[in-house]
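Down below is the structure, laid out as structure tokens.
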Amino acid sequence: MKAIVHIDGDAFFAYCEVAQNERLRGKPVVTGQEKGIAIAVSYEAKARGVSRGMLMGDIRKLVPDIIILPGNYDLYKVISQRMYRIVKRHAPIVEEYSVDECFADISDQSDSWEELVGIARTIKRDLEQDLGMTFSLGLAPTKTLAKVASKWVKPAGFTPMQERDRENFLKDVPIGAVWGIGRAMSAEMQKLNIRTALEFTQKSQSWIEEYFSKPTQELWYELNGVQMHKVGQGNLEKHKSIRATRTFRPPSKNLAFILSELSKNTEKACGKLRKHNLQSKNIYFFLKTQAFMYKGFELKFTAPVTIPSEIMNAVKENIHKIFRSDTQYRATGVVLNGISPASVHQPDLFNMNEKIDNRKIVYENIDAFYKKYPGAIFLASSLQAITQRKKNQIKNKDQEMHNLCLRLGFPYWGEAV
DNA sequence: TCTGGGGTCCTAGGACCC
DNA sequence: TCTGGGGTCCTAGGACCC
């Protein structure tokens with residue numbers, strides 16, 4: 001018998017804060033102070049009308065005694081790792097799906113449904129006792145059904161879904177609420193007169209194969225209780241790509257400004273790359289137009305890179321392939337693909353290693369310095385992006401550090417680096 | 001919701017090759 | 001070789017997720 005548990009932390013970031021500070025318990029709490037919008041909302045705050053994405057100013061008006069906290073992502077990560085450890089005590093196969101969610105395959109633990117339910121309950125009890133916060137769990141024959149089940153009762157819910165009650169659940173699930181059905185697919189389903197998950201599952205296999213592509217076909221099987229997606233044991237640490245993007249306002253058609261935004265994003269992405277001791281070979285950079293269209297270009301390096309100025313030189317050479325001076329852009333982004341551990345050093349033919357190594361040493365120093373004074377160092381090519389923020393009166397940590405940097409007379413690191 | 005940021009996976013269609 | 005058919009590889013962009 002297939003038995004998959006889906007485990008979902010309730011308003012995870014908010015209750016991590018509560019678990020760390022008992023005085024917050026029972027009070028309305030939101031995180032996201034540094035972004036100015038609510039990122040996580042405790043159920044006490046939800047009960048009083050606060051929702052995700054709401055502006056902090058509006059929240060204060062609505063709930064004067066609200067507790068607003070900045071995100072503490074290191075803390076959430078530590079608690080997340082404890083969560084995985086607890087689940088792994090009871091299940092051999094655990095997929096770390098996101099910081100607050102995981103799947104566990106307990107199929108082989110027992111042939112009795114009652115016992116499987118017992119195991120899931122034990123996982124829930126241990127999580128809540130050890131971590132001081134609540135979780136919602138679903139137990140079902142496939143991952144997709146387990147997702148439906150864990151959402152059924154929230155917060156602190158536990159919902160077992162056996163094959164025989166599957167249809168009873170699915171008749172009340174709007175098709176757009178199913179994991180894997182987004183806005184576009186949802187609209188298509190409406191056109192085909194499919195409103196609920198049950199209606200979708202009742203279509204014939206041949207009909208599904210005619211109308212939908214692979215991912216949606218797999219969803220059909222999953223919702224019909226046939227496992228298509230195994231619980232993988234992948235670790236979130238192994239990323240395949242690293243990305244940095246930023247939206248700016250107002251939109252711009254100024255090439256120099258856009259290049260400076262790309263430079264900023266490149267520095268950010270490379271910082272993350274070096275922090276994880278990785279290197280990248282394929283770098284994709286893109287512009288996002290005001291009309292939400294993307295135009296991008298992929299740079300392929302023969303030897304892996306970790307250093308922003310090398311990338312920016314190539315970006316500048318190629319930007320004209322995607323940039324149109326008559327188009328307004330609202331964001332830029334840089335994606336590092338082809339990632340490998342930095343220790344795998346590819347010797348290159350032209351004996352450039354010495355030069356590269358010197359730069360690496362400089363950047364090792366920069367990374368150490370950055371830890372002490374976040375935001376204090378950046379490429380000269382990022383300068384315009386930073387001064388633009390000043391114009392926009394955006395007060396944030398970066399800006400403060402920039403001012404501090406000016407006051408203290410730190411040098412800017414130019415492209416000579 | 002006129003729309004943030006960081007990820008993954010899929011696919012149509014172009015390039016290239018018999 | 002004005003022109004068929006079919007395979008493979010690659011990439012830009014779409015769709016979805018948290």
Side-chain angles (χ1 to χ4, degrees), chain A residues 6-14 31-32 34-41 51-56 58 71 73 76-77 80 95-103 136 143-144 147 150-151 175-189 212-219 222 228-229 232 234-251 261 264-265 268-269 271-273 275-276 278 280-300 318 321-322 328-339 394 396:
Chain A
H6 179 246
I7 298 149
D8 196 0
D10 297 321
F12 188 70
F13 295 171
T31 72
E34 75 285 356
K35 294 204 199 294
I37 59 164
I39 301 292
V41 181
S51 58
R52 244 189 77 108
M54 214 179 241
L55 293 169
M56 289 302 179
D58 296 344
Y73 297 95
Y76 311 149
K77 188 139 192 211
S80 172
E95 177 178 332
E96 303 176 7
Y97 182 68
S98 79
V99 69
D100 66 338
E101 263 183 59
C102 60
F103 292 95
S136 295
K143 284 170 80 172
T144 309
K147 272 276 221 182
S150 70
K151 271 210 253 182
I175 188 67
V178 173
W179 183 43
I181 301 290
R183 218 177 30 191
M185 189 52 69
S186 190
E188 208 163 309
M189 294 276 186
F212 297 114
S213 63
K214 193 176 144 194
T216 313
Q217 291 175 22
E218 287 173 351
L219 210 58
E222 283 260 317
M228 299 301 283
H229 305 306
N235 185 328
L236 288 179
E237 285 300 286
K238 294 176 193 155
H239 20 209
K240 296 179 176 168
S241 72
I242 289 175
R243 143 191 329 227
T245 67
R246 205 176 79 90
T247 303
F248 39 84
R249 210 172 282 148
E261 284 288 328
K264 192 112 201 25
N265 288 329
K268 192 171 172 198
K272 190 164 178 187
L273 195 67
K275 185 176 147 198
H276 293 275
L278 298 168
S280 162
K281 235 170 46 179
N282 303 334
I283 287 109
Y284 181 76
F285 68 95
F286 64 86
L287 309 178
K288 185 181 183 182
T289 71
Q290 207 176 4
F292 280 73
M293 304 295 288
Y294 292 87
K295 257 297 171 240
F297 188 80
E298 191 169 31
L299 304 165
K300 297 195 170 199
N318 292 285
K321 289 179 186 158
I322 59 170
Q328 294 276 9
Y329 297 97
R330 62 166 11 246
T332 74
V334 174
V335 188
L336 312 180
N337 291 308
I339 287 176
I394 296 171
N396 56 26

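If you're wondering where the values come from, they're calculated on a predicted model, not measured in any experiment. Below, chains carry the letters A, B, ... as their sequence lines are ordered, and counting in each starts from 1.
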What orientation do A:Phe13 and A:Tyr76 show, parallel under 30°, tilted 30 to 60°, or perpendicular over 60°?
parallel
Using a cut-off of less than 4.0 Å, is there contact between a side-chain N or O of [X] and OP1 or OP2 of [N]?
{"X": "A:Thr245", "N": "B:dG6", "value": "yes"}
{"X": "A:Arg330", "N": "B:dG4", "value": "yes"}
{"X": "A:Ser98", "N": "C:dC17", "value": "no"}

Considering only the C1' atoms, how many Å lie between C:dC16 and B:dT3, rounded to the nearest integer?
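Those two atoms are separated by 16 Å.
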Check every strand shown and say whether [X] touches a base, only sugar-phosphate, or nothing at a heavy-atom separation below 4.0 Å.
{"X": "A:Val178", "answer": "sugar-phosphate"}
{"X": "A:Phe286", "answer": "nothing"}
{"X": "A:Lys295", "answer": "sugar-phosphate"}
{"X": "A:Phe292", "answer": "base"}
{"X": "A:Ala331", "answer": "nothing"}
{"X": "A:Ile37", "answer": "nothing"}

Among [options], find the nucleotide with the atom closest to the side chain of [X].
{"X": "A:Lys300", "options": "B:dT3, C:dC10, C:dC17", "answer": "C:dC10"}
{"X": "A:Lys288", "options": "B:dT8, B:dG4, C:dC18", "answer": "B:dG4"}
{"X": "A:Tyr284", "options": "B:dT3, C:dA12, C:dG14", "answer": "C:dA12"}
{"X": "A:Arg52", "options": "C:dC18, B:dG4, C:dC16", "answer": "B:dG4"}
{"X": "A:Pro215", "options": "C:dC18, B:dC10, B:dT1", "answer": "B:dC10"}
{"X": "A:Lys268", "options": "B:dG4, C:dC18, B:dG6", "answer": "B:dG6"}
{"X": "A:Glu298", "options": "B:dG5, C:dT11, B:dT8", "answer": "C:dT11"}
{"X": "A:Ala184", "options": "B:dT8, C:dA15, B:dG5", "answer": "C:dA15"}

Between atom [atom1] in [X] and atom [atom2] in [N], what is the gap in whole Å?
{"X": "A:Lys214", "N": "C:dC16", "atom1": "NZ", "atom2": "P", "value": "17 Å"}
{"X": "A:Arg183", "N": "B:dC2", "atom1": "CZ", "atom2": "P", "value": "11 Å"}
{"X": "A:Asn337", "N": "B:dC9", "atom1": "CG", "atom2": "C1'", "value": "13 Å"}
{"X": "A:Glu218", "N": "C:dA15", "atom1": "CD", "atom2": "C1'", "value": "15 Å"}
{"X": "A:Leu219", "N": "C:dC17", "atom1": "CG", "atom2": "C1'", "value": "13 Å"}
{"X": "A:Tyr294", "N": "C:dC16", "atom1": "OH", "atom2": "C1'", "value": "13 Å"}
{"X": "A:Phe248", "N": "B:dG5", "atom1": "CZ", "atom2": "C1'", "value": "15 Å"}
{"X": "A:Glu95", "N": "B:dT8", "atom1": "CD", "atom2": "P", "value": "13 Å"}

Do you know which two heavy atoms are closest between [X] and [Y], and how far apart they sit?
{"X": "A:Glu222", "Y": "A:His229", "value": "OE2-N, 2.9 Å"}
{"X": "A:Phe286", "Y": "A:Val334", "value": "CE2-N, 4.3 Å"}
{"X": "A:Tyr329", "Y": "A:Ile322", "value": "OH-O, 3.6 Å"}

Would one find more than 12 heavy atoms of other residues, nucleotides or ligands at under 6.0 Å from atom NZ of A:Lys288?
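Yes, NZ of A:Lys288 has more than 12 neighbouring heavy atoms, counting only those of other groups under 6.0 Å.
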Between A:Lys264 (side chain) and A:Arg246 (backbone), is there a donor-acceptor pair under 3.5 Å?
no
Keeping A:Ser80 on the side-chain end and A:Val99 on the backbone end, is there a donor-acceptor pair under 3.5 Å?
yes
My understanding is that a pair needs two contacts under 3.5 Å, Watson-Crick or G-U wobble. By that rule, which nucleotide pairs with C:dC18?
B:dG5
Between A:Asp10 and A:Ser136, do the side chains contain a donor N or O and an acceptor N or O under 3.5 Å apart?
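There is such a pair between these side chains.
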Worked check of side chain to side chain contact (heavy atoms under 4.5 Å, CB included) between A:Phe212 and A:Glu188
CA-CA 10 Å; A:Phe212 297 114; A:Glu188 208 163 309; 4.3 Å; yes
Under the criteria of a ring-centre distance below 5.5 Å and an interplanar angle below 30°, is A:Trp179 stacked with the base of C:dC17?
no
Kindly state which residues belonging to residues 7-14 of chain A come within less than 4.0 angstrom of DNA chain B, counting heavy atoms of the residue only, listed by number.
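Close to the strand, none.
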Return the 5'-most residue of the pair A:Thr247, A:Ser213 with respect to DNA chain B, ranking by each residue's nearest nucleotide.
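Going by which nucleotide is closer to the 5' end, it is A:Thr247.
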Nearest-nucleotide check on DNA chain B, A:Gln290 vs A:Ser241; residue mapping nearer the 5' end is A:Gln290
